[in-house]
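Labels below follow one simple rule: chain letters A, B, ... track the order of the sequence lines, proteins then strands, and each chain is numbered from 1. Remember, it's a predicted structure, so these values are computed and weren't measured experimentally.
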Number of protein chains: 2
Amino acid sequence: MPRKARLNERAIAEAALAVLDAEGIEALTMRHLAEKLSTSAMALYNHFPDKDAVLEAVAQLLLAEIEAPPPGIGWQETARRIMRSARTVTLRHPHAAPLIARFPPRTPDALAFVEAGFRSFRAAGFDPHSTARAYRALVAYSLGTLEVELGAYFAAHPAAQAPAGSLDQPSVGRLLPTVDEVGPELAASDPQAEFEFGLNVLITGLEALLPHR
Amino acid sequence: MPRKARLNERAIAEAALAVLDAEGIEALTMRHLAEKLSTSAMALYNHFPDKDAVLEAVAQLLLAEIEAPPPGIGWQETARRIMRSARTVTLRHPHAAPLIARFPPRTPDALAFVEAGFRSFRAAGFDPHSTARAYRALVAYSLGTLEVELGAYFAAHPAAQAPAGSLDQPSVGRLLPTVDEVGPELAASDPQAEFEFGLNVLITGLEALLPHR
DNA sequence: ACCTGAACACCGTTCAAGT
DNA sequence: ACCTGAACACCGTTCAAGT
């Protein structure tokens, strides 16, 4: 907690991330954030045009935490490491993580993993168009996983819960028998294993983008 | 616009969807929604416990719009049709669509496409566990695509924009040459074609879950 | 250039009161 | 059981004023 230090963008963004980690998104108000920085809410507006800009800066901090793999390990391993690192970062900051879906990497530090990934794909023989395609598919899967996992999508999914068993209306089992049958598997799934499965499917499928040898 | 009709959950949810479609998420306040229904904001609380419950109901309306394919067309075609229908629904309701990432299908109408999908997978030889795996991977890709496409993720991506060309700091091209090279491909991409590409990759990869013949 | 505190224009929701 | 209007406890942000 920098009390005497002069206010700046980084200090504000780091304090915002600390608030998110400790108290969640609802606690992140301009007034509360200012309080944590021992200043007034309006002082923050000397450094950011509005609250959304603060959230964008937090997203950049998160994206900068994603590790850029070293060169020379092959495009598959590079993609795997980046995807796993991204997932680890989101699990480390569950309240802040949804922000990376709204704000793509912009700062050099946040773009480091993108540069490493693109470079690895280009070196492996993917042309720029195929590299962009692969990146988009991986981003979509990564952001979707984030929502499913952090949003507890399947925990809230009725198909993942035991039938209600009410007497005065048809049970899920009678009306939607296959939902009833498969549902328990959704609830029992291991997030890490499921993530790796989808990742494997994608990486295997991306090989089709390489020029035929 | 039902003026005289008695207030009920469906009428409120449909009015909320209409507000979202016409004016966007920021216009969806309890006061404004009540105004559209010619009632008071507090009257809505006789039908929903809070605003989040209204949003959940809107999500169920959207999910019910996803078409359940007929049986007998094979699991690949079933998956393709459901995924395409889901994307079409999100493009039809761009302001409401993000809600389906927060609220999974719950009503029988909203679960219809899930039942049809599960049934098709089970009939093709996927066991319940593999069916759940396949569903999760498809949901993650679908929700991720929604965010990328509706959130204009790559339009905001600096890698997708021309270098700023400022003189007093290293350009993106010098610091992140591969981001600079691949970026324009991200901006130029055709959303429909990109979606179909990722969908093909996933469906091809899911075949590995079938028991070996 | 940076900071402050009051004020504005809203929110979702609670409450007391009606029919 | 359903609806109303006032009020409460907040928001993000504008503004006028300070250093």
Q: Using modelled atom types only, decide if a donor and an acceptor are shared between the side chain of A:Glu115 and the backbone of B:Thr178 within a distance under 3.5 Å.
A: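 Looks like yes, one N/O pair under 3.5 Å.
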(Q) Treating B:Tyr141 as the side-chain partner and A:Ala137 as the backbone partner, does any N or O pair qualify as donor plus acceptor under 3.5 Å? (A)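 Answer holds: no.
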So, is [X] near the phosphate of [N], with a side-chain N or O under 4.0 Å from OP1 or OP2?
X       : N      : value
B:Tyr45 : C:dT13 : yes
B:His47 : D:dA1  : no
A:Thr39 : C:dT4  : yes

Q) Are there more than 12 heavy atoms of other residues, nucleotides or ligands under 6.0 Å from atom CZ of B:Arg92? A)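 Check passes, neighbour count above 12.
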Euclidean distance, atom [atom1] of residue [X] to atom [atom2] of [N] [Å, nearest integer]:
X       : N      : atom1 : atom2 : value
A:Leu33 : D:dT13 : CG    : P     : 12 Å
A:Asn46 : D:dG18 : CG    : P     : 17 Å
A:Leu37 : C:dC2  : CG    : P     : 16 Å
B:Leu44 : D:dA1  : CG    : P     : 19 Å
A:Arg31 : C:dG5  : CZ    : C1'   : 11 Å
B:Phe48 : D:dC3  : CZ    : P     : 12 Å
B:His32 : C:dG12 : NE2   : C1'   : 16 Å
A:Met30 : D:dT14 : CE    : C1'   : 13 Å

Q.
Test salt bridge (Lys or Arg N to Asp or Glu O under 4.0 Å) on B:Glu35 and B:Arg31; report intermediate values, then the result.
A. CA-CA 6 Å; B:Glu35 194 181 359; B:Arg31 284 171 176 85; over 6 Å; no
Q. Cation over ring, A:Arg136 on B:Phe154, under 6.0 Å and within 45°?
A.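 No, A:Arg136 does not sit over the ring of B:Phe154.
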Q. Using atom P of each nucleotide, how far apart are D:dC2 and C:dA17 to the nearest Å?
A.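 So the two P atoms sit 22 Å from each other.
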Q: Tell me, please, which residues at least two apart from B:Glu196 pass side-chain contact (heavy atoms from CB on, under 4.5 Å).
A: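 B:Glu196: side-chain contact (heavy atoms from CB on, under 4.5 Å) contacts with B:Arg84, B:Gln192, B:Leu199.
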Q: Could you please name the option among D:dG12, C:dC11, D:dC3 that lies closest to any side-chain atom of B:Ser40?
A: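 The listed nucleotide nearest to B:Ser40's side chain is D:dC3.
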Q: With the side chain of A:Ala43 defined as its heavy atoms from C-beta on, choose the nearest nucleotide among D:dT4, C:dC3, D:dT13.
A: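 From the listed options, C:dC3 comes nearest.
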Q | side-chain hydrogen bond (donor to acceptor under 3.5 Å, both in side chains) evaluation trace for A:Glu185 with B:His129 | A | CA-CA 6 Å; A:Glu185 297 288 338; B:His129 180 70; 3.2 Å; yes
Q. What dot-bracket string describes DNA chain D from 5' to 3', counting Watson-Crick and G-U wobble pairs whose defining distances are under 3.5 Å, with [ ] for crossing pairs and | for pairs to another strand?
A. ||.|||||...|||||.||
Q.
Closest-nucleotide mapping onto DNA chain C: is B:Asp50 or A:Met42 further toward the 5' terminus? I mean the 5' end.
A.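 By nearest-heavy-atom nucleotide position, the 5'-most residue is A:Met42.
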